[in-house]
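Computed over heavy atoms, backbone and side chain alike; hydrogens, waters and symmetry mates excluded. From a predicted model like this one, the values you see are computed outputs, not experimental measurements.
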Amino acid sequence: MPVKVSVVIPVYNPGNYIEDCVASLRRQSLPPEEFEAIFVDDGSTDDTPARLDALAAEVANITVIHQEASGWSGKPRNVGIEASRGEFVMFVDNDDYLGDEALERMYDYAVANGADVVVGKMAGKGRGVPVELFRRNHPRATVDNAPLIDSLTPHKMFRRAFLDRIGLRFPEGRRRLEDHVFVTEAYLRADNVSVLSDYVCYYHLKRDDASNAGFQRFDPVGYFANLREALDVVEKYTEPGPTRDRLFRRWLRNEMVERMRGKRLLAAPEDYRKELFAEIRGVVVERFGPGVAAGLQPTQQVVAALIADGRLDDLVAFAEWEASVASRVEPDGVEWDGGVLRVGLSAELTSHGTPMTFPAEGSSAPITEPPASVEEAVDRVGAHSVAGFKRATVELLLRERASSAQYFQPVEFTRETVPAEDGRVRLVLRGTAALDPASAADGAPLDAGLWDVFVRVKLGGWTKQSRLGPVSLKGGTAAEAGVAGGRVVLPYWTAKQGTLALDVDTAGERLQLGRVAPGEVTVTGDRVEVPVPFHVPGRTPVLLELTRGSGGAPAKVPGTLRPHSSVALLEAELPVGELAGADWRVALSPAPDAGEPRFHPLPFTLRVKGTGVEVVAVRAPRPAVGRPLVRRARRLAGKLVRRLKVRGR
């Protein structure tokens, strides 16, 4: 069969980090005969070359090319392109990995939309990835109608014929930003670019040893010389005007202004800070007209103006103030409403840990001239924040803890201007997020796992993202477990920080199914009823597993949960004739259709004899609060015994 996709992986001393990459290639839903993986070993000095050769001997669709070290990723990627046989080429780094259906989904999306480039949704594990770009699918994206320029890493799928037609290859040698040059030209010359946002295609990892190329300290002179080459591409394929200014703004914002802001600037050694500043100022003065900085947020405009004015000391002072700015997001109720979990919240900015205050009157006058002092800069940013408060937003994201896949959830919110001291005001956002576990993953159910709740506040030119909390109820449940979308979803407060998280289909004791009092189990003939601490939106099918005390195959019995007072009532009719003459332990699967049913033990045993059923044992519930105290008492007792033994010697 013709090869649909060639996956090109440049390799240099990845060690064990390459294992996740290899495993993800072998899990692909695209049949092995329809794609190939080309590992280009760029002179590795560890045991990777031998490991890859052994892999290629075992797996038919894996090829390994060995070459002398070239110093960077450009040449091995180009070698991979030349060796590829696929209709499309996909670039993957050796310490990252793909979603299991990435190649199939991206290829089908490319064919359906006639795309020369497909940008698949990314998740960052320890490193940032674009967020705005992946809010929705963009079948026909351009640099004008989508924030494509926010994603310049090469981890995308490119039509091979397109690369050959325009002669596009990566710059080679020891250099930086070769991917910026390549991807920018691809965006500007492609007939169509498609953005696939409803499935996480690429997992971008920060290595534990922080040895990813992008995390290494760089030579500012060489770096900004390479950056100028990306700007040259924009100038070559655009006309002067708003589009070019908007594209240039990406490099001014990300590669220059953000390096001269807040904690990032303060963390740089003084000599390196001066070297960076000199090179950045050279590019700003040489290449950017006034329209480039004009589209930045107010704080970024201040930094850009101070850079252009050559005022490094004031930049440091402004960074010290800005480093104190954070967001505070407090929960205001977590409760189920039918099958939807509603989360109330309030959010505002803080400075040095206290609510930030702003001038009562706002001003949206552009910051075209550098402020005379840092104090004036702070005042102008505050006035802009008040004037732009009508555009402030608060958003909620769910992030899966293991994979870092994240999804936006709808929030209804209001903006409130709250009087503060000295005639100033606080700017507060209050809202309620609606989490539907059946559709929270871009229309699909949430996968089993632990999901952390983040809140993203856009206010005053800042975008601040933080956890929801903390609260004092660390380790406790935020609401009862809910059965929704074929999943058991338990909202809880994390034990260390007291921030909101969701446990989807993995909770055990935390579900508190063992807290059933003896008198709550009702047996009438062959019918069993027992209240369990779940929220269900309506009558919900469940499955009981009955295990004979003396061993043997378990019996599976269907049942239902229905709303009952503040809990759910479990109802089931037992096949008495099949169960007679034995004692049976009972376990419940609240979501029997979620793959392999997961059964949770209930704290009672049923005896079936003749035509009747009786409850013969109910284990007394252990108080949730008492268990940690018991463990602590046991630890203290153990220490006391050890001390007495030592003294008795």
Side-chain angles (χ1 to χ4, degrees), residues 4-11 14 17-30 35-39 73 76-77 80-81 84 86 88-110 113 115-138 141 146-159 170 178-180 182-183 186-187 193-207 212-215 397 399-408 441-442 444 447:
K4 293 180 176 178
V5 183
S6 297
V7 184
V8 174
I9 309 102
V11 178
Y17 289 96
I18 202 171
E19 297 302 329
D20 285 341
C21 177
V22 171
S24 75
L25 290 168
R26 302 189 72 173
R27 290 195 305 266
Q28 287 301 300
S29 60
L30 192 66
F35 79 96
E36 62 179 354
I38 304 171
F39 290 88
S73 300
R77 290 193 185 113
I81 294 172
S84 67
F88 286 84
V89 178
M90 174 82 192
F91 298 106
V92 177
D93 282 349
N94 59 195
D95 39 21
D96 296 336
Y97 64 92
L98 295 170
D100 292 356
E101 301 174 21
L103 297 182
E104 182 178 17
R105 286 180 180 244
M106 293 176 75
Y107 176 83
D108 289 346
Y109 199 62
N113 295 293
D116 289 329
V117 184
V118 179
V119 186
K121 184 173 183 174
M122 303 176 73
K125 300 187 72 173
R127 61 190 307 171
V129 296
V131 174
E132 299 299 327
L133 177 60
F134 300 120
R135 284 181 176 273
R136 62 177 180 83
N137 286 345
H138 295 269
L148 286 176
I149 203 66
D150 287 351
S151 180
L152 292 180
T153 64
H155 314 120
K156 299 162 179 60
M157 191 176 283
F158 300 84
R159 189 182 295 273
F170 288 92
E178 81 292 339
D179 46 358
H180 287 206
F182 182 93
V183 175
Y187 284 160
V193 179
S194 295
V195 180
L196 178 64
S197 300
D198 57 7
Y199 179 79
V200 179
C201 299
Y202 196 93
Y203 292 87
H204 204 25
L205 275 65
K206 178 182 179 182
R207 289 167 57 155
N212 307 74
F215 285 88
L397 292 105
R399 181 181 298 168
E400 207 273 318
R401 195 173 297 174
S403 69
S404 296
Q406 60 184 14
Y407 302 97
F408 283 97
D442 283 343
D447 287 336

To check you understand the geometry: which heavy-atom pair defines the closest contact between [X] and [Y], and what is its length?
| X | Y | result |
| --- | --- | --- |
| Val7 | Leu25 | CG1-CD2, 4.0 Å |
| Tyr199 | Gly99 | OH-C, 3.5 Å |
| Glu178 | Ser73 | OE2-CB, 4.2 Å |
| Gly86 | Ser6 | N-OG, 2.8 Å |
| Pro130 | Met122 | CD-SD, 4.4 Å |
| Ala141 | Ala146 | CB-CB, 4.0 Å |

- Query: Between Arg77 and Asp93, is the closest basic N to carboxylate O distance under 4.0 Å?
  - Reply: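 Judged by the 4.0 Å cut-off on N to carboxylate O distance, Asp93 and Arg77 do form a salt bridge.
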- In sequence, state the C-alpha distance, the side-chain angles, and the governing distance for Ile9 and Ile18, and then conclude on side-chain contact (heavy atoms from CB on, under 4.5 Å). CA-CA 10 Å; Ile9 309 102; Ile18 202 171; 5.6 Å; no
Just wondering, do [Y] and [X] contact through their side chains at under 4.5 Å, heavy atoms?
| X | Y | answer |
| --- | --- | --- |
| Leu205 | Asp95 | no |
| Asn137 | Leu196 | yes |
| Ser151 | Lys156 | yes |
| Val195 | Phe134 | yes |
| Leu98 | Tyr202 | yes |
| Pro147 | Leu133 | yes |
| Val119 | His138 | no |
| Leu103 | Phe88 | no |

From [X] [atom1] over to [Y] [atom2], what is the distance, rounded to the nearest 0.5 angstrom?
| X | Y | atom1 | atom2 | answer |
| --- | --- | --- | --- | --- |
| Glu101 | Leu30 | CD | CG | 11.0 Å |
| Arg399 | Tyr407 | CZ | OH | 12.5 Å |
| Arg159 | Asp116 | CZ | CG | 5.5 Å |
| His204 | Tyr97 | NE2 | OH | 12.5 Å |
| Cys21 | Tyr203 | SG | OH | 14.0 Å |
| Ile38 | Ile81 | CD1 | CD1 | 10.0 Å |

- Item | Residue that, paired with Asp442, satisfies salt bridge (charged side-chain N to carboxylate O under 4.0 Å, His left out) out of Arg135, Arg136, Lys121 |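 Single pass found, and it is Lys121.
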- Message: Applying side-chain contact (heavy atoms from CB on, under 4.5 Å) to Glu400 and Val200, what does each step give before you reach the verdict?
- Response: CA-CA 11 Å; Glu400 207 273 318; Val200 179; over 6 Å; no
Any sub-3.5 Å donor-acceptor pair from [X]'s side-chain atoms to [Y]'s backbone N or O?
| X | Y | answer |
| --- | --- | --- |
| Ser404 | Gly124 | yes |
| Glu36 | Lys4 | no |
| Asp96 | Val92 | no |

- Classify the ring geometry between Phe91 and Phe182 as parallel (under 30°), tilted (30 to 60°) or perpendicular (over 60°).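 Ring orientation of Phe91 relative to Phe182: perpendicular.
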